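Each remark here refers to the structure printed beneath this line.
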There are 2 protein chains.
Amino acid sequence: MTSTAAEPAALEPRERVVTAAAELFYARGIQAVGMDEVRGAAGVSLKRLYAEFPGKEQLVLAVLDWRREQWETGLARAVEQADEPRARLLAVFDFLEDWFADDSFRGCGFINAFGELGATSPSVAAATRAHKQAFQDYVARLARDAGADETLGAQLALLAEGAQTTAAIAGCGDSAEVAHRAAEVLIDAALAQR
Amino acid sequence: MTSTAAEPAALEPRERVVTAAAELFYARGIQAVGMDEVRGAAGVSLKRLYAEFPGKEQLVLAVLDWRREQWETGLARAVEQADEPRARLLAVFDFLEDWFADDSFRGCGFINAFGELGATSPSVAAATRAHKQAFQDYVARLARDAGADETLGAQLALLAEGAQTTAAIAGCGDSAEVAHRAAEVLIDAALAQR
DNA sequence: TACAGTAGAGAACGATCGTTCTCACCGCAA
DNA sequence: TTGCGGTGAGAACGATCGTTCTCTACTGTA
């Protein structure tokens, strides 16, 4: 999922900047990484960097958008590997489990960015809100496909969010498995209720 | 003019600094608030501020410790209002619901601090980890008192964490109620299993 | 009154960072 | 060749911030 720092020359400068900035921001925090370091990691000049992004905020938003795209395609790929509606709901938590096992895992980049800049940057707050809303909608759709009502989707989304923060802070314990088992209970209860 | 010790309403300088810093850090982020602004809000001199805390990091840690204390006493008070073990478990989510309704609610201060400084400040990361671990232990104890096994506590803790981040980002929807209903399902399932 | 000690107010310092500017260099058309 | 538009490398600028230093006012004591 991550691209290494040494980018092949085939990538466009803009994409090199976004991927390098995404990696740096995620690993160390946004405010802890200066534009000059992004420039060095991306192998572009400051002039080019500011030609692509008029300011750091625009770069941050581009990184968040790139991360959202990565998240959505990865999640969809995991879900599509399952055929049955119930298994597709649980695939969300398998996806999380794989993610948490990654060495570079350091929590949800949106939650981190929101904690860091959400109070001072309305656009970062809006991007985070949109991303989380899309996730909730996606899970709600999977729940509806499984024959449950909207509530189940919201409940499973809460579990997924809690697993992400807990895995990040506790240093990647077994949050995904715990959430997975809780999800099974909630799904079965929701389906039995009908 | 400084307030004399005879005035009952005046807090000690150190406590004024901690509460003022806690409010500012929580509302706007830690790095967005300078020491000078903390000094102004607390009504102390820079000299006094640095006499109490040798650096900003120590102040941040003191704020986190104060916040942990506030959280623990508030949570314990909510839980103790319930008599039955099951109601005591659910009181955790009532506590969250009250908190989310606060106008100044902006998510869990520890999660925000972790997202902002966890990667660069080991002591902030450790304080966050300790706080979340203590919460998990507390819920696990409540679950054990209710006659369920350890797993239920971990599951409910995940729900609580997810409700906090979701309420913060979505702007305080009904996360607490959703988590509350999910908790009821999980508790009943855990108790029926025995 | 003189003096020592303390504390407040805020200037000052050094470092960092986002952003802009300078300047040398390269490819290329006339 | 000459001129020119564009680019890279990096110096420079202005602002912010954590931290320290200076100066002044005040308090208590002899």
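Note that this is a predicted model, so its numbers are computed, not measured. A, B, ... follow the sequence lines: proteins, then strands. Residue 1 opens every chain.
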>> In whole Å, I'd like the distance from the CG atom of A:Leu49 to the P atom of D:dG8.
In response: 11 Å

> Between C:dT22, C:dT19, D:dT20, which nucleotide has the shortest distance from any of its atoms to the side chain of A:Lys47?
Replying inline: C:dT22

>> Closer than 4.0 angstrom, basic N to acidic O: yes or no for B:Lys132 and B:Glu161?
In response: yes

>> Whole angstroms only, please: what is the CE-P distance between A:Met35 and D:dA12?
In response: 21 Å

> What's the spacing between B:Cys108 SG and B:His131 NE2 if we round to 0.5 Å?
Replying inline: 5.0 Å

> Once you round it to whole Å, what is the distance between C1' of D:dG18 and CD1 of B:Ile30?
Replying inline: 15 Å

> Rounded to the Å, how far apart are A:Gln58 CD and C:dG18 P?
Replying inline: 13 Å

> Nearest nucleotide by nearest heavy atom, which residue falls closer to the 5' end of DNA chain C, A:Pro54 or A:Ala32?
Replying inline: A:Ala32

>> Judged by each residue's nearest nucleotide on DNA chain D, which is more toward the 5′ side, A:Val44 or B:Gly55?
In response: A:Val44

> Does a salt bridge link A:Arg88 with A:Asp83, judged by any charged N lying under 4.0 Å from a carboxylate O?
Replying inline: no

> Does a sphere of radius 6.0 Å around CD in B:Glu23 hold more than 12 heavy atoms from other residues, nucleotides or ligands, not counting ones at 6.0 Å or beyond?
Replying inline: no

> When you measure from the side chain of B:Ser45, which nucleotide among C:dT19, D:dA9, C:dG8 comes out closest?
Replying inline: C:dG8

> Rounded to whole angstrom units, what separation is found between the CG atom of A:Asp36 and the C1' atom of D:dG10?
Replying inline: 9 Å

>> Distance check needed: D:dA9 P versus A:Arg39 CZ, whole Å only.
In response: 8 Å

> What's the CZ-C1' distance between B:Arg14 and C:dA7, to the nearest Å?
Replying inline: 18 Å

> Any side-chain N or O of B:Arg48 under 4.0 Å from OP1/OP2 of C:dG8?
Replying inline: yes

> Between B:Tyr50 and A:Gly43, who's closer to the 5' end of DNA chain D by nearest nucleotide?
Replying inline: A:Gly43

>> When you measure only distances, ignoring hydrogens and angles, does the side chain of A:Lys56 come within 3.5 Å of the base of C:dG18 through a donor and an acceptor?
In response: no

> Of all the nucleotides listed (C:dA11, D:dG8, C:dG18), which has the minimum atom distance to the side chain of B:Leu46?
Replying inline: C:dA11

> Taking atom P of C:dC17 as reference, at what distance in whole Å does atom CD of B:Gln31 sit?
Replying inline: 10 Å

>> Does B:Val38 reach a base, just sugar-phosphate, or nothing at all? Heavy atoms under 4.0 Å.
In response: nothing

>> Tell me whether the NZ or CZ atom of B:Arg67 lies within the 45° cone about the ring axis of B:Phe110 and under 6.0 Å from its centre.
In response: no

